[in-house]
Amino acid sequence: MIKAIKGVKDLLPEESPRWRFIEDTARQWALRYGFQEIRVPIFETTTLFARSIGATTDIVEKEMYTFADRDGSSLTLRPEGTAGTVRAFIEHNRAADPRPQKYCYAGPMFRHERPQAGRLRQFHQFGVESFGVSDPRADVEVLSLLWRFLSDLTLPGLTLEINNLGYAEDRARYKPLLVSFLKGVESRLCGNCQRRIEANPLRVLDCKVPECRSATEDAPRLADSLSPAARDHFDRVTADLQAIGIPFHVNPRLVRGLDYYCLTAFEVTCSHLGAQNAVGAGGRYDGLVEQLGGTPVPAVGFAVGLERIALMLPETFIVPSIPRVYVAAFGTQAADVGFALLDELRRVGVPADMDFRSASLKAHLRQADRLGALYTILLGDDEVAKGTATVRNMQTKAQENVPIQDLAAACRDRLLDR
RNA sequence: GUGGGUGUAGCUCAGUUGGUUAGAGCGCCGGAUUGUGGAUCCGGAGGUCGCGGGUUCGAAACCCGUCACUCACCCCA
């Protein structure tokens, strides 16, 4: 048996209404905020991701699905959505458009990791990117959209954490201070963090190991190295969040894994989600457009993991789309008449179905019941001879004879009445 | 890449210190009702016990290997 490859999942018809609900809700909220959908390719040239995400990040170093095209050029399945969106923004010179460039997207992303709860090799994200506005209200707008959307889904146990990463120069000033401190306490750090001192010192502050926490208790704080402009930006973000009533915690240890973030960084976590508890995250990335060859354009955005949302979503709203009329045609002539009737029903807009395997009326009715049909049209050779069929209401069991030529219109009218 | 757990019917799972023909519930098909669904009763179909070796008179069970799934580390959405 050929099986799906590791870390990918089939979404069976029973679950797809949940997903449609999540995606529709996300898109509605984004449109309400003035974001418009952009669809970009799921594969790009490898250097795009290496240059945007950061060449030394785990994603780029060991998690990308990279392969050679026929001409030998290196392509990569996108591990996240921002890089492709920024590339499209630059390529189509969207910076020249005076209107706000606010985009949203949804689709599959690919990372070669060991799968576990809430983490797959092909997973799905919904995200937004807001280009061109350095005003802190753009950060707050994005945060607000994220928070309102997740709250609308009534996901339990959500927490929003934010931090100020400052500008690249601020971090460049801070890093040596931190590194020299960490070297002083190196023996108290876990093995991972000892390696992080060189590779990604900021990440040490976000380590979950308690010993690392206490060892870094007195570490120099990034906040103390921030420029006045960076502080002012963050102060206005937090003030505006408070003004519109969005709850948040400032977490000075919060560090994002991607290199391009600056100033505002944030993460929404959920308490009932296992080890992978980040539902969504994002931040400001003012340098990225320029870094990828565009003119300097400030930007801010977020992405949420749809699998993780689906894991948390209460199962209350399920609205499966089911056929409303079942055609139970049995007998030699009636089978042909019924098949034509089925087609006519569909043409006039009536959701209709029939199981061609069923031969007896009993078997047809059983299928009608299973499919949740509101009405079943009973059509045997006797009915065909008389030119009428029996319409059975599956809830009340009331039956009525209707001329076959009037059936499609009659069914349409009945369904519209409801 | 590292570690733990689990692989038995379509699904959820039993299966005793190794012992006859591998079971249950749900689901499925049929009958009771020769043209009327759900409920009930009766009957039936459905299994390479993940795969490959080994031990044994005898293996679903024990041993070795392997694969898959899963949870966790790492990292991240």
Side-chain angles (χ1 to χ4, degrees), chain A residues 1-9 12 14 26 53 56-63 78-82 106-127 146 150 190-193 195-196 199-200 203 206-209 255-258 266-270 273-283 301-312 326 328-331 334 355 357-383 389-399:
Chain A
M1 178 172 47
I2 298 179
K3 300 207 289 187
I5 57 183
K6 185 195 285 288
V8 307
K9 251 184 93 177
L12 298 174
E14 292 77 19
I53 297 167
T56 61
T57 58
D58 276 15
I59 292 177
V60 171
E61 277 187 342
K62 47 190 193 190
E63 294 176 1
R78 63 182 185 191
E80 52 97 58
T82 299
M109 308 293 166
F110 305 85
R111 292 182 198 173
H112 188 104
E113 301 180 273
R114 285 286 284 268
Q116 70 186 73
R119 178 205 283 167
L120 294 170
R121 289 184 174 179
Q122 175 176 338
F123 61 104
H124 297 78
Q125 287 187 337
F126 172 84
L146 173 61
L150 295 177
C190 69
N192 279 318
C193 282
R195 263 177 281 119
R196 284 174 180 142
N200 188 0
R203 182 65 181 72
D206 204 22
C207 184
K208 291 162 204 124
V209 176
V255 177
R256 309 266 50 253
L258 285 61
F266 53 88
E267 186 169 280
V268 174
T269 55
C270 171
L273 205 55
Q276 310 306 317
N277 66 350
V279 183
F302 71 73
V304 293
L306 297 182
E307 278 79 4
R308 293 179 186 181
I309 290 177
L311 282 175
M312 300 186 301
Y326 185 93
F330 55 102
D355 182 352
R357 297 168 302 185
S358 301
S360 65
L361 176 57
K362 184 190 183 74
H364 273 302
L365 277 166
R366 192 159 47 217
Q367 289 300 64
D369 186 46
R370 280 199 270 245
L371 294 172
L374 247 53
Y375 296 98
T376 299
I377 295 170
L378 312 186
L379 193 63
D381 288 346
D382 293 356
E383 281 82 357
T390 304
V391 177
R392 177 181 176 85
N393 182 314
M394 295 298 280
Q395 272 136 40
T396 66
K397 299 187 178 184
Q399 298 193 167

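Proteins get letters first, then strands, A, B, ... in listed order; numbering begins at 1 in each. Keep in mind that what you see is a predicted model, and the values were worked out from it rather than measured. Below, all heavy atoms of this structure are taken into account, side chains as well, without hydrogens, waters or symmetry copies.
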Would you kindly check whether a donor in the side chain of Q395(A) faces an acceptor in the base of G38(B), or vice versa, at under 3.5 angstrom?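 Such a pair does not exist between side chain and base.
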From the set [options], return the single nucleotide nearest to any side-chain atom of [X].
{"X": "D58(A)", "options": "A77(B), C74(B), G35(B)", "result": "C74(B)"}
{"X": "M394(A)", "options": "G37(B), U36(B), A77(B)", "result": "G37(B)"}
{"X": "R366(A)", "options": "U36(B), C76(B), G37(B)", "result": "G37(B)"}

Any protein N or O atoms within reach of nucleotides 31-34 of chain B? Criterion: under 3.5 Å, listing atom names and distances.
none

With nearest nucleotides of RNA chain B determined for D369(A) and A303(A) from heavy-atom distances, which residue corresponds to the more 5′ nucleotide?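 The residue mapped nearer the 5' terminus is D369(A).
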Distance check needed: [N] [atom2] versus [X] [atom1], whole Å only.
{"X": "E267(A)", "N": "A77(B)", "atom1": "CD", "atom2": "P", "result": "8 Å"}
{"X": "I59(A)", "N": "C76(B)", "atom1": "CD1", "atom2": "P", "result": "7 Å"}
{"X": "R119(A)", "N": "C76(B)", "atom1": "CZ", "atom2": "C1'", "result": "6 Å"}
{"X": "D382(A)", "N": "U36(B)", "atom1": "CG", "atom2": "C1'", "result": "13 Å"}
{"X": "L365(A)", "N": "G37(B)", "atom1": "CG", "atom2": "C1'", "result": "5 Å"}
{"X": "H364(A)", "N": "G35(B)", "atom1": "NE2", "atom2": "C1'", "result": "11 Å"}
{"X": "Y375(A)", "N": "G37(B)", "atom1": "OH", "atom2": "C1'", "result": "17 Å"}
{"X": "F330(A)", "N": "U36(B)", "atom1": "CZ", "atom2": "P", "result": "9 Å"}

So, taking the atom named [atom1] in [X] and the one named [atom2] in [Y], what distance separates them when rounded to the nearest 0.5 Å?
{"X": "E63(A)", "Y": "D58(A)", "atom1": "CD", "atom2": "CG", "value": "5.5 Å"}
{"X": "R366(A)", "Y": "D355(A)", "atom1": "CZ", "atom2": "CG", "value": "10.5 Å"}
{"X": "L120(A)", "Y": "M109(A)", "atom1": "CG", "atom2": "CE", "value": "13.5 Å"}
{"X": "R78(A)", "Y": "I53(A)", "atom1": "CZ", "atom2": "CD1", "value": "12.0 Å"}

Using the [atom1] atoms only, state how far [M] lies from [N], rounded to an integer number of Å.
{"N": "G23(B)", "M": "C28(B)", "atom1": "P", "result": "23 Å"}
{"N": "U21(B)", "M": "G27(B)", "atom1": "P", "result": "31 Å"}
{"N": "G52(B)", "M": "C67(B)", "atom1": "P", "result": "15 Å"}
{"N": "C42(B)", "M": "C57(B)", "atom1": "P", "result": "45 Å"}
{"N": "G10(B)", "M": "G47(B)", "atom1": "C1'", "result": "12 Å"}
{"N": "G4(B)", "M": "U12(B)", "atom1": "C1'", "result": "24 Å"}
{"N": "A77(B)", "M": "G54(B)", "atom1": "P", "result": "50 Å"}
{"N": "C29(B)", "M": "A68(B)", "atom1": "P", "result": "35 Å"}

When you compare the side chain of [Y] with that of [X], does any pair of heavy atoms fall below 4.5 Å?
{"X": "R392(A)", "Y": "L365(A)", "answer": "yes"}
{"X": "I59(A)", "Y": "E80(A)", "answer": "no"}
{"X": "R111(A)", "Y": "R119(A)", "answer": "no"}

Base-paired stems in RNA chain B, each at least three Watson-Crick or G-U pairs under 3.5 Å: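 So the stems come out as B:1-7 with B:67-73, B:10-13 with B:23-26, B:28-32 with B:40-44, B:50-54 with B:62-66.
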Is it true that, when you exclude L12(A) itself, more than 12 heavy atoms of the residues, nucleotides or ligands shown sit nearer than 6.0 Å to its CG?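 Atom CG in L12(A) is crowded, with more than 12 foreign heavy atoms closer than 6.0 Å.
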Closer than 3.5 angstrom, by distance alone: can the side chain of [X] be matched with the main-chain N or O of [Y] as a donor-acceptor pair?
{"X": "R308(A)", "Y": "G118(A)", "value": "yes"}
{"X": "Y326(A)", "Y": "D369(A)", "value": "no"}
{"X": "R114(A)", "Y": "G7(A)", "value": "no"}
{"X": "E307(A)", "Y": "H124(A)", "value": "yes"}

Evaluate the ring planes of F266(A) and F302(A), with Trp represented by its six-membered ring, and classify them as parallel (under 30°), tilted (30 to 60°) or perpendicular (over 60°).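 Plane angle over 60°, so perpendicular.
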When all nucleic acid strands are considered with a 4.0 Å heavy-atom cut-off, which category describes A278(A): base, sugar-phosphate, or nothing?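 Sugar-phosphate: the residue A278(A), judged by heavy atoms under 4.0 Å, touches backbone atoms but no base.
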Categorize E63(A) for me: base, sugar-phosphate, or nothing, with a 4.0 angstrom heavy-atom threshold over every strand shown.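 Touches sugar-phosphate only.
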Would you tell me if any nitrogen or oxygen in the side chain of R121(A) comes within less than 4.0 Å of OP1 or OP2 on A77(B)?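 So the side-chain polar atoms of R121(A) never come under 4.0 Å of the phosphate oxygens OP1 or OP2 of A77(B).
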Derivation of the side-chain contact (heavy atoms from CB on, under 4.5 Å) call for H112(A) and R121(A): CA-CA 5 Å; H112(A) 188 104; R121(A) 289 184 174 179; 3.3 Å; yes
Restricting to side-chain contact (heavy atoms from CB on, under 4.5 Å), what partner residues turn up for F330(A), sequence neighbours left out?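 Checked F330(A) against side-chain contact (heavy atoms from CB on, under 4.5 Å); matches are L361(A), H364(A).
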In chain order, what residues pass the side-chain contact (heavy atoms from CB on, under 4.5 Å) check against A389(A), with sequence neighbours excluded?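 side-chain contact (heavy atoms from CB on, under 4.5 Å) list for A389(A), sorted by chain: I377(A), L379(A), I404(A), L407(A).
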Protein-nucleotides 26-28 of chain B N/O pairs closer than 3.5 Å?
residue	atom	partner	partner atom	Å
C28(B)	OP1	R370(A)	NH1	2.4

Protein N or O to nucleotides 69-72 of chain B N or O, pairs below 3.5 Å:
residue	atom	partner	partner atom	Å
C69(B)	OP2	K6(A)	NZ	3.1
C71(B)	OP2	A117(A)	N	3.1
A72(B)	OP1	A275(A)	N	3.2
A72(B)	OP2	Q116(A)	NE2	3.3
A72(B)	OP2	A117(A)	N	3.4

